[in-house]
A.B. asks: 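Sharing a structure, written as structure tokens. Questions coming.
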There are 2 protein chains.
Amino acid sequence: MNSKQLEIFKALSNKTRLEILQWLKDPEASFPAQVHAGFEVGVCVGEIQRKAGLTQSTVSEYLSILQRAGLVESTRVGQWTYYKRNEVAFEELSKIIQSDI
Amino acid sequence: MNSKQLEIFKALSNKTRLEILQWLKDPEASFPAQVHAGFEVGVCVGEIQRKAGLTQSTVSEYLSILQRAGLVESTRVGQWTYYKRNEVAFEELSKIIQSDI
DNA sequence: TAGGGATATCGGAAAAAGTCGATATATATT
DNA sequence: AATATATATCGACTTTTTCCGATATCCCTA
């Protein structure tokens with residue numbers, strides 16, 4: 001049994017994490033403009049945290065769950081960590097559901 | 001809003017439930033021949049339970065979780081309940097991942 | 001209509017996930 | 001070097017999920 005798939009579905013089994021993924025689909029529409037970097041690199045943890053309305057530690061943890069599942073990737077720029085979607089992972093997941101699951 | 005999606009991902013967040021879905025993809029290959037009905041109607045709870053190696057109550061519960069998520073459907077025939085995959089749900093899920101998530 | 005087999009439901013113990021506040025670490029600025 | 005800011009990690013507590021045994025329900029046949 002494929003434990004990677006299981007990890008992906010667990011990562012998707014949370015309302016806030018699903019919301020974060022949707023926000024990251026269109027950062028311009030979902031977040032205020034970023035001063036220190038464009039949205040190409042992603043959105044910084046602080047902005048995601050403000051929008052989610054949960055504590056910093058919880059959102060940081062959620063982002064690393066999404067990252068371990070391969071659904072997002074992060075880039076450190078200075079003191080900020082920017083997270084963005086890994087679209088390839090979603091395409092693969094879509095195919096997995098059509099063939100594997 | 002996306003609570004149906006959440007329910008689906010929760011249903012998929014369990015090793016045994018994922019296995020059951022895969023067994024149901026090819027019942028002929030996964031289960032012994034059924035005496036009281038062909039595999040078109042699905043596979044009865046008892047066979048799934050034996051293969052899963054968990055208790056009857058747990059497997060019954062798992063099947064109803066999958067059913068509430070819309071991933072399987074059941075047919076009662078006499079004293080048996082047969083479960084089969086709802087392939088439409090998987091096609092829809094695949095599309096949801098391409099567009100919604 | 002009684003008994004037996006298949007499935008569903010209930011109640012609970014243990015494990016996992018959710019969530020927080022406190023603290024550690026990394027980086028930037030002065 | 002000291003301080004400030006952003007993020008990550010830790011420890012604890014609460015909620016949810018997992019999985020079981022016991023029991024109820026449904027349906028068949030004698």
Side-chain angles (χ1 to χ4, degrees), chain A residues 1 3 6-21 24 27 31-37 39 41-69 71-84, chain B residues 3 6-21 24 31-37 39 41-69 71-84:
Chain A
M1 167 52 42
S3 68
L6 189 56
E7 187 176 22
I8 292 173
F9 289 127
K10 284 187 179 181
L12 294 172
S13 296
N14 175 280
K15 185 169 172 299
T16 302
R17 289 194 295 265
L18 283 179
E19 285 172 344
I20 290 171
L21 289 172
L24 292 181
F31 297 97
Q34 291 187 132
V35 176
H36 298 278
F39 284 125
V41 295
V43 181
C44 72
V45 179
E47 284 305 326
I48 299 171
Q49 187 239 315
R50 258 182 292 283
K51 182 137 185 160
L54 295 172
T55 62
Q56 190 273 323
S57 61
T58 297
V59 172
S60 177
E61 168 72 3
Y62 280 6
L63 288 167
S64 75
I65 288 171
L66 290 171
Q67 185 167 39
R68 281 197 298 273
L71 298 171
V72 301
E73 45 200 15
S74 69
T75 311
R76 181 103 199 196
V77 179
Q79 19 183 191
W80 293 274
T81 306
Y82 296 91
Y83 283 89
K84 68 177 173 190
Chain B
S3 74
L6 189 56
E7 188 176 20
I8 291 173
F9 290 127
K10 284 187 178 181
L12 294 172
S13 296
N14 175 280
K15 183 169 173 300
T16 302
R17 289 195 296 265
L18 283 179
E19 285 172 345
I20 291 172
L21 289 172
L24 292 180
F31 298 97
Q34 293 187 132
V35 177
H36 298 280
F39 283 126
V41 295
V43 180
C44 73
V45 179
E47 284 304 328
I48 300 171
Q49 187 239 312
R50 259 182 292 283
K51 181 136 185 161
L54 295 172
T55 62
Q56 189 273 323
S57 62
T58 296
V59 172
S60 177
E61 169 72 4
Y62 280 6
L63 288 168
S64 77
I65 287 170
L66 290 171
Q67 185 167 39
R68 280 197 297 277
L71 298 171
V72 302
E73 44 199 17
S74 70
T75 311
R76 182 103 199 194
V77 179
Q79 20 184 189
W80 293 274
T81 307
Y82 296 91
Y83 282 89
K84 68 177 173 189

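The chains referred to below are lettered A, B, ... by the order of the sequence lines, with proteins before strands, and numbering in each begins at 1.
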A.B. asks: Apply side-chain hydrogen bond (donor to acceptor under 3.5 Å, both in side chains) to B/T16 and list each qualifying residue two or more places apart in sequence or on a separate chain.
C.D. replies: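 Expected list: none.
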A.B. asks: Mind checking which nucleotides bracket the chain B contacts on DNA chain D, 5' to 3', with an atom under 4.0 Å from a heavy atom?
C.D. replies: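 Taking any atom under 4.0 Å from a heavy atom of chain B, the span is D/dT17 to D/dC28.
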A.B. asks: For B/Q67, check side-chain hydrogen bond (donor to acceptor under 3.5 Å, both in side chains) against everything at least two apart and list the hits.
C.D. replies: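 Listed in chain order: B/S74.
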A.B. asks: Go through the structure and list residues passing side-chain hydrogen bond (donor to acceptor under 3.5 Å, both in side chains) with B/Q49, not counting sequence neighbours.
C.D. replies: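 None.
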A.B. asks: Enumerate, atom names and distances included, each donor-acceptor pair closer than 3.5 Å involving a side-chain atom of residues 54-63 of chain B, sequence neighbours excluded.
C.D. replies:
unit_1	atom_1	unit_2	atom_2	d
B/T55	OG1	B/S57	OG	3.4
B/T55	OG1	B/T58	N	3.4
B/T55	OG1	B/T58	OG1	3.0
B/Y62	OH	B/N14	ND2	3.4

A.B. asks: Calculate, to the nearest 0.5 Å, the distance between atoms CG and CG belonging to B/L12 and B/L71 respectively.
C.D. replies: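 Separation between the atoms: 5.5 Å.
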A.B. asks: Working to the nearest 0.5 angstrom, can you tell me the gap between A/L66 CG and A/R17 CZ?
C.D. replies: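 It is 6.5 Å, given to the nearest 0.5 Å.
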A.B. asks: Please list residues of residues 43-59 of chain A whose heavy atoms come under 4.0 Å from any atom in DNA chain C, ordered by number; otherwise none.
C.D. replies: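 Per residue number, the list reads A/L54, A/T55, A/S57, A/T58.
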A.B. asks: Just to verify, what does A/Q34 make a side chain to side chain contact (heavy atoms under 4.5 Å, CB included) with, not counting sequence neighbours?
C.D. replies: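 Listed in chain order: A/F39, A/V43, A/C44, A/Y82.
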A.B. asks: Would you kindly give the CG-to-P distance between A/L6 and C/dA16, to the nearest whole Å?
C.D. replies: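 Those two atoms, CG and P, are 13 Å apart.
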A.B. asks: Can you measure A/K10 atom NZ to C/dG18 atom C1' for me and round it to whole angstrom units?
C.D. replies: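 For the pair A/K10 NZ and C/dG18 C1', the rounded distance is 14 Å.
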A.B. asks: Rounded to the nearest angstrom, tell me the gap between atom NZ in A/K15 and atom P in C/dG18.
C.D. replies: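 Distance, rounded to whole Å: 13 Å.
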A.B. asks: To the nearest Å, give me how far apart CZ (A/R68) and P (C/dA17) are.
C.D. replies: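 Distance check: A/R68 CZ to C/dA17 P gives 10 Å.
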A.B. asks: Using side chain to side chain contact (heavy atoms under 4.5 Å, CB included) as the criterion, list what pairs up with B/K51, not counting sequence neighbours.
C.D. replies: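 Residues passing side chain to side chain contact (heavy atoms under 4.5 Å, CB included) with B/K51: B/W23, B/S30, B/F31.
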A.B. asks: State which residues pass side-chain hydrogen bond (donor to acceptor under 3.5 Å, both in side chains) with A/S13; sequence neighbours excluded, sorted by chain then number.
C.D. replies: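 Result, side-chain hydrogen bond (donor to acceptor under 3.5 Å, both in side chains) vs A/S13: B/S13.
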A.B. asks: Determine the contact category for B/S13: base if any of its heavy atoms lies under 4.0 Å from a base atom, sugar-phosphate if only primed atoms, P, OP1 or OP2 are that close, otherwise nothing.
C.D. replies: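 Sugar-phosphate, backbone atoms only, no base.
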A.B. asks: Going by heavy atoms closer than 4.0 Å, what residues in residues 73-83 of chain A are next to DNA chain D?
C.D. replies: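 By residue number: A/Q79, A/W80, A/T81, A/Y83.
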A.B. asks: Can you list everything that forms a salt bridge (charged side-chain N to carboxylate O under 4.0 Å, His left out) with B/R50? Sequence neighbours excluded, please.
C.D. replies: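 Only B/E47 meet the salt bridge (charged side-chain N to carboxylate O under 4.0 Å, His left out) criterion with B/R50.
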A.B. asks: Can you list the residues that meet the salt bridge (charged side-chain N to carboxylate O under 4.0 Å, His left out) rule with A/E7, with sequence neighbours excluded?
C.D. replies: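 Counting only residues at least two positions away or on another chain, A/E7 forms a salt bridge (charged side-chain N to carboxylate O under 4.0 Å, His left out) with A/K4.
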